Amino acid sequence: MSLRDILSPLTAWKNLLREPGTIKDPLNREAADRYRGFHKNDAALCIGCGTCEAICQNAAIDMVAVDGIETVSGNSGLRPRIDYGRCCWCALCVDVCMTSSLTMSNHYTWVESDPDAYRFIPGVDKKAWDSCEKGYTRAEGHRLTPTKRAHMGEMEPEQRIGGFAEIVNGYSVEEALAEADRCVSCGLCIATCPAHMSIPRYIEAVRDGDYTRGVSLLYETNPFSQVCGRVCTHKCEDACASAHEGEAIAIRWLKRHITDNATAADFQQAAGTAAPATGKRVAIIGAGPAGLTTAFDLAKMGHAVEIFEARPHAGGMFRYGIPEYRLPYDVMDRDIQVILDMGAQLHCNTRVGESITMEQLREQFDAVALCIGLHLGRGTRIPGSEHPAVTKAVDLLRDITEGKEVVVPEKLVVIGGGNVAMDIARSMGRLQTQRYGKLDVTVTALEDRAHFLADPDEIRECGEEGIAIYDARGPREIVLDDNGGLVGLKTFKVLSIFDKDGRFAPSYDESDARIHHADMVVEAIGQMSDVSLLGEALTEALEWNRGRIKADADGCTSEPWLWAAGDCVHGPDVIHAVADGHRVAASVDAYLKGA
């Protein structure tokens, strides 16, 4: 024992002669301005992410459903309930709150005879301190997790415009760890993902450096994880809690990081093995993401699956609609090979309706699934659009993929504001650069910049590569000279796109006209399915939904032997096509077991 240990208790005697302080009314004594009193919650700002519940070391918070607050994308509909029998007022829940909705008043006295009253839902159960302005809030600029994404390296614009090499580098291990550490594992992303991928769990696998587990988690719901790690529409990131006060977690790039670092053995193990043969046969028309996902699941269930593909290679709109600088063919082929290794038989260069009819498929197989994508482009039908120098984006993209010789104009105008418009503009820009050593591409879109349908990264990269984008311009006429030669595209300024009832009815300011000079005009305003394979009788028998094949929630069409999935049912979206494929496979399997 030290001398200090002996003398320290005696220091209390120094207070012997001090004037005593008396709190005359302790129940009504005002607390310090930032005292951690009872909780408040802005229920409208709260997204129910549950990070407050997860961080609480005393299990004093649980997330509960609340009448009047619905579950929507990016909002669980749950709200935190505080148990003051457990709360220690540490305020970690306030510090971690992703929207700053949760705060603490400086109100600290509360007398109730009912002990259950001390469990309440702030912001929902009205309390006397709801309007209290003082109390504890997270300090300005203070966050427990970084708000900025880990940097993703990519090829410089001057270098990438000269070819079709992939432009994004992918995360290094260190970058992926930094990005994964930002995730609070709230799980709001899972509900938004059409395939309901286990996103927090595979991000956790990145943190653990366990790529075998990571790819196994990916394959539970998505046999196209290498593809989706590059070109998924990543709506999950729109729901990310981190986006409320910073940048969303780069979920798509973390998925890619797992697949880039997993071994071939990891993929084979994750894919699993096929069940014993059932003796049932299924025909699938179209080897795109929906068709191949359906094939993968059904083959795994033990059914004999044959895929009929009109093009020379599998991949559908993956291969023939997305440029290689965004989705390298070897990456796509690795995903496809894992699927085919499950036992599905692929017939390429086999166009249904020519090589074999729908009726023959119906007779020879126990079930048939249509997964035919959207391989035809829509036209503007403006005056002059039938000119031979006016073409469709999907046709050009397909020709480029197949290595065909395409006409490369010195001046090009693209009509459209979606990803396909950006893809064809950038692809043709690369061909222009290779042929002429310079780029002259213009994109015109109905929407203003704030409402473009294209991914923001696509728009940014277009600008970096020198492509001119004119927003809020409506195509009105293909302008020709006296000899019928193409002059360019005439556009008017767009005043509005929809009428008061929300119907598509663009209006223009005709006093604001512009001629966009061009040697070629490309229309990229939408796609549709080539349904000529169906034949007249089946086309008449099927039900349709605004030009797309109508199917129920399980993918069943109005014909009991025929299912449909993917873009031809729900429109263009990779991850939706994968989710569709799973649903159709489950439905076909149930049908075959009952047959």
Side-chain angles (χ1 to χ4, degrees), residues 45-55 63 72-76 78 95-101 138 141-154 168-211 213-215 217-218 220-222 224-262 455-458 460 573-575 578:
L45 189 62
C46 179
I47 56 174
C49 63
T51 50
C52 51
E53 178 189 33
I55 204 170
M63 303 299 292
V72 296
S73 176
N75 187 336
S76 71
L78 305 176
D95 286 341
V96 81
C97 180
M98 305 305 287
T99 63
S100 295
S101 71
R138 195 181 68 206
H142 173 63
R143 286 291 301 267
L144 296 184
T145 54
T147 57
K148 295 284 187 183
R149 282 186 173 185
H151 174 70
M152 165 72 78
E154 64 179 36
V168 176
N169 297 339
Y171 277 144
S172 66
V173 172
E174 293 74 18
E175 291 166 341
L177 280 173
E179 185 60 15
D181 277 343
R182 298 177 56 229
C183 177
V184 295
S185 301
C186 67
L188 290 176
C189 46
I190 298 175
T192 305
C193 174
H196 304 305
M197 300 189 73
S198 300
I199 296 168
R201 292 176 65 202
Y202 72 64
I203 290 178
E204 182 181 275
V206 173
R207 283 199 290 266
D208 296 341
D210 189 345
Y211 301 113
R213 175 161 56 93
V215 79
L217 289 166
L218 296 179
E220 286 180 355
T221 49
N222 189 351
F224 277 106
S225 290
Q226 296 185 77
V227 167
C228 287
R230 285 167 168 81
V231 298
C232 180
T233 46
H234 56 92
K235 298 298 182 187
C236 51
E237 295 178 15
D238 293 342
C240 179
S242 298
H244 285 269
E245 294 188 8
E247 293 181 304
I249 305 298
I251 297 171
R252 176 176 52 169
W253 299 134
L254 290 174
K255 179 159 56 234
R256 169 182 168 164
H257 178 75
I258 292 173
T259 60
D260 282 354
N261 287 277
D455 190 293
D457 284 343
E458 284 270 302
R460 172 183 58 81
D573 185 0
V574 170
I575 192 64
V578 169

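Only a predicted model underlies this, so the values are computations on that prediction, with no experimental measurement involved. The figures that follow rest on heavy atoms only: side chains count, while hydrogens, waters and symmetry mates do not.
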Which residues share a side-chain contact (heavy atoms from CB on, under 4.5 Å) with [X], sequence neighbours left out:
X      : result
Cys193 : Ala195, Met197, Ile199, Ile575
Cys240 : Ser242, Ala248, Ile249
Val72  : Asn75

For [X] versus [Y], what's the shortest heavy-atom pair and its separation?
X     : Y      : value
Thr99 : Leu45  : O-CD2, 3.3 Å
Cys97 : Ser100 : SG-N, 3.4 Å
Thr51 : Cys186 : CG2-CB, 4.4 Å
Cys49 : Ala241 : CB-CB, 4.2 Å

With side chains defined as the heavy atoms from C-beta onward, is the minimum distance between [X] and [Y] less than 4.5 Å?
X      : Y      : answer
Val168 : Met152 : yes
Thr145 : Val184 : yes
Ser73  : Thr192 : yes

Please check: side-chain N/O of [X] versus main-chain N/O of [Y], any donor-acceptor pairing under 3.5 Å?
X      : Y      : answer
Arg256 : Gln226 : no
Arg207 : Ala180 : yes
His257 : Tyr171 : yes
Glu247 : Arg149 : yes

Partners passing salt bridge (charged side-chain N to carboxylate O under 4.0 Å, His left out) against [X] (at least two apart in sequence or in another chain):
X      : result
Asp455 : none
Arg213 : Glu204, Asp208, Asp210
Arg138 : Glu245
Glu154 : Arg160, Arg460

Checklist line | Any residue meeting side chain to side chain donor-acceptor pair (under 3.5 Å) with Glu53, in chain and number order, not counting sequence neighbours | finding: none

Notebook entry, point to check: Does Ser76 have any side chain to side chain donor-acceptor pair (under 3.5 Å) partners at least two apart in sequence or in another chain, and if so, which?
Noted result: none

Next item on the list: Please assess Val215 against Ser225 for the test side chain to side chain contact (heavy atoms under 4.5 Å, CB included), listing each intermediate value before the final yes or no.
Entry: CA-CA 8 Å; Val215 79; Ser225 290; 6.0 Å; no

Notebook entry, point to check: Should Ile251 and His234 be marked as a side chain to side chain contact (heavy atoms under 4.5 Å, CB included) after you check the CA-CA gap, both sets of side-chain angles, and the distance that decides it?
Noted result: CA-CA 8 Å; Ile251 297 171; His234 56 92; over 6 Å; no

Hey, could you give me the [atom1]/[atom2] distance between [X] and [Y], rounded to the nearest 0.5 Å?
X      : Y      : atom1 : atom2 : result
Leu188 : Met98  : CG    : CE    : 10.0 Å
Cys52  : Met63  : SG    : CE    : 5.0 Å
Tyr211 : Asp260 : OH    : CG    : 10.0 Å
Leu217 : Ser198 : CG    : OG    : 5.5 Å
Leu254 : Ile203 : CG    : CD1   : 5.0 Å
Thr233 : Asp573 : OG1   : CG    : 3.5 Å

Item checked: Thr259 vs Leu218, side chain to side chain contact (heavy atoms under 4.5 Å, CB included): CA-CA, chis, key distance, verdict -> CA-CA 9 Å; Thr259 60; Leu218 296 179; 3.7 Å; yes

Note to self: Tell me which pairs pass salt bridge (Lys or Arg N to Asp or Glu O under 4.0 Å) where either residue lies in residues 191-202, with sequence neighbours left out.
What the structure shows: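 Found none.
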
Next item on the list: Just grab all the salt bridge (Lys or Arg N to Asp or Glu O under 4.0 Å) pairs involving residues 176-199, residues at least two apart or on different chains.
Entry: Glu179-Arg182

Checklist line | For Tyr202, ring pair (Phe, Tyr, Trp, His ring centres under 6.0 Å) partners two or more places apart | finding: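 Applying ring pair (Phe, Tyr, Trp, His ring centres under 6.0 Å) to Tyr202 gives none.
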
